[in-house]
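Remarks on the structure that follows.
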Amino acid sequence: MQLDETAAPGKVGMPANVAIIMDGNGRWAQRRGLPRSAGHLAGVNRLREIVRTASNLGLRSLTVFAFSTENWRRPDYEVQVLMRLFRRFVVREVDELDQMRARVRFIGQRDRLPADLRRTMAQLEMRTARNPGLVLQIAVSYGSRAELLDAMRAIAAETAEGRLDPEAITEETIARHLWTAGVGDPDLVIRTSGEMRISNFLLWQSAYAEYAFVEECWPDFTPERFREVLEDFAARERRFGAVSAAV
Ligand code: FPP
């Protein structure tokens with residue numbers, strides 16, 4: 001499979017940077033008469049497979065939406081189940097992620113997470129920091145508006161202190177202050193479970209992304225289906241605001 005190594009417009013090839021909104025765990029479970037927690041557990045198992053596939057295909061980055069700033073409004077029990085699953089994932093997957101030479105980073109409001117989870121997350125990031133393979137970004141307590149707000153505050157502070165001339169602020173300045181700094185913008189954003197919403201995910205970064213909305217709930221999103229979606233992307237034409245003739 002060929003990767004698109006350039007950001008040039010035209011026939012696109014395989015995407016280098018992919019983001020996924022892993023939606024539909026709850027519905028997947030309810031349809032089977034199971035508790036929602038069973039859906040989240042199936043979701044973790046699916047994530048493990050999709051990460052492996054992304055790494056095998058040579059994707060540069062995979063960003064997954066695991067928990068949003070809005071998800072804190074869910075019942076306490078469900079939030080606790082998810083935190084427990086994140087903790088277990090981080091602890092159990094460390095060796096395999098390291099073996100596949102993946103570099104893991106977490107994006108989101110860390111200060112809202114339990115202290116022990118933050119520590120384990122930091123350990124995983126440190127252990128894999130120098131790995132040259134897939135960059136796996138896990139968005140936990142993530143919201144794009146919160147991220148932009150954070151960036152704007154930091155830029156405003158630098159400006160107020162006289163370290164940054166407002167006239168010198170560029171799109172690049174903003175990108176550098178986002179939690180995703182240094183990782184390529186998504187070429188493709190996938191959302192599972194048939195919902196067609198962006199849900200406050202990578203709003204700045206996905207300005208030129210293609211979207212794929214697939215019907216399967218996240219636990220049913222197999223590696224084969226993932227490959228199909230990537231191949232479908234490869235057949236699309238991206239113009240980045242230009243016209244076909246200019247491509
Ligand atoms: C959306 O389904 C999914 C979530 C809010 C959680 C996503 C989390 C995982 C896949 C768990 C694994 C993540 C890591 C990093 C270990 P939903 O509950 O909103 O489903 P519904 O829309 O059918 O109710």
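Basis for what follows: all heavy atoms, side chains included, without hydrogens, waters or symmetry-related copies. Order of listing sets the numbers, starting from 1, for every ligand and every atom in it.
Using a 4.0 Å cut-off to heavy atoms of His40, the atoms of ligand 1 that qualify are 18 (O). Of all the atoms in ligand 1, the ones that sit under 4.0 Å from a non-hydrogen atom of Phe89 are 16 (C). Close contacts of ligand 1 with Asp23, meaning ligand atoms under 4.0 Å from a residue heavy atom, involve 1 (C), 2 (O), 17 (P), 19 (O), 20 (O), 22 (O).
Residue, atom and distance of the protein heavy atom nearest to atom 22 (O) of ligand 1 are Arg27 NH2, 2.9 Å. Summary of contacts: the protein heavy atom closest to atom 10 (C) of ligand 1 is Asn25 ND2, 3.4 Å. What sits closest to atom 3 (C) of ligand 1 on the protein, heavy atoms only, is Met22 O, 3.1 Å. Here the heavy atom of the protein found nearest to atom 11 (C) of ligand 1 is Val44 CG2, 3.7 Å. From the protein, the heavy atom lying nearest to atom 19 (O) of ligand 1 is Arg74 NH2, 2.7 Å. Annotation: atom 6 (C) of ligand 1 to nearest protein heavy atom, Ala66 O, 3.2 Å. Of the protein's heavy atoms, Phe86 CE2, 3.6 Å lies nearest to atom 13 (C) of ligand 1.
Look at Glu224 and Arg227 and you find no salt bridge, because none of the NZ, NE, NH1 or NH2 atoms lies under 4.0 Å from a carboxylate O. Salt bridge Glu228/Arg225: present, at least one basic N to carboxylate O contact under 4.0 Å. By the 4.0 Å N-to-carboxylate-O rule, Glu216 lies too far from Arg46 to be salt-bridged with it. Checked for salt-bridge contact, Glu70 and Arg197 miss the test: no charged N lies under 4.0 Å from a carboxylate O. With respect to Asp95 and Arg127, a salt bridge is recorded, a charged nitrogen being found less than 4.0 Å from a carboxylate O.
Of the polar atoms of Trp28, none of the N or O atoms is found under 3.5 Å from an N or O of ligand 1, judged by distance alone. For the pair Gly26 and ligand 1, the shortest N or O to N or O distance falls below 3.5 Å. Close N/O approach between Gly24 and ligand 1 is found [any backbone or side-chain N/O within under 3.5 Å]. Distances between N or O atoms of Trp218 and those of ligand 1 include no value under 3.5 Å. Close N/O approach between Asn71 and ligand 1 is not found [any backbone or side-chain N/O within under 3.5 Å].
Between Phe86 and Phe67, the ring planes lie perpendicular to each other; the angle is over 60°, past the 30° to 60° tilted range.
Proximity of Arg92 to ligand 1, defined as any heavy-atom pair under 4.0 Å, is not found for any part of the residue. By the criterion of a heavy-atom distance under 4.0 Å, the side chain of Leu47, and not its backbone, is placed next to ligand 1. The side chain of Ile138, and not its backbone, has at least one atom closer than 4.0 Å to an atom of ligand 1 (non-hydrogen atoms only; side chain from C-beta on).
For the residue pair Thr69 and Arg145, no side-chain donor N or O sits within less than 3.5 Å of a side-chain acceptor on the partner. Judged by distance alone, the side chains of Asp98 and Asn131 do bring a donor and an acceptor atom under 3.5 Å apart. No hydrogens or angles considered: a donor-acceptor pair under 3.5 Å links the side chains of Ser141 and Trp72. With 3.5 Å as the limit, one finds a donor-acceptor pair spanning the side chains of Asn71 and Ser68.
Among pairs with a residue in residues 29-38, those fulfilling side chain to side chain donor-acceptor pair (under 3.5 Å) read Arg36-Glu78, at least two apart in sequence or across chains.
A heavy-atom separation below 4.0 Å is found between Arg36 and ligand 1.
None of Glu158, Glu147, Arg153, Glu172 except one satisfies the side chain to side chain donor-acceptor pair (under 3.5 Å) rule with His177; the exception is Glu158.
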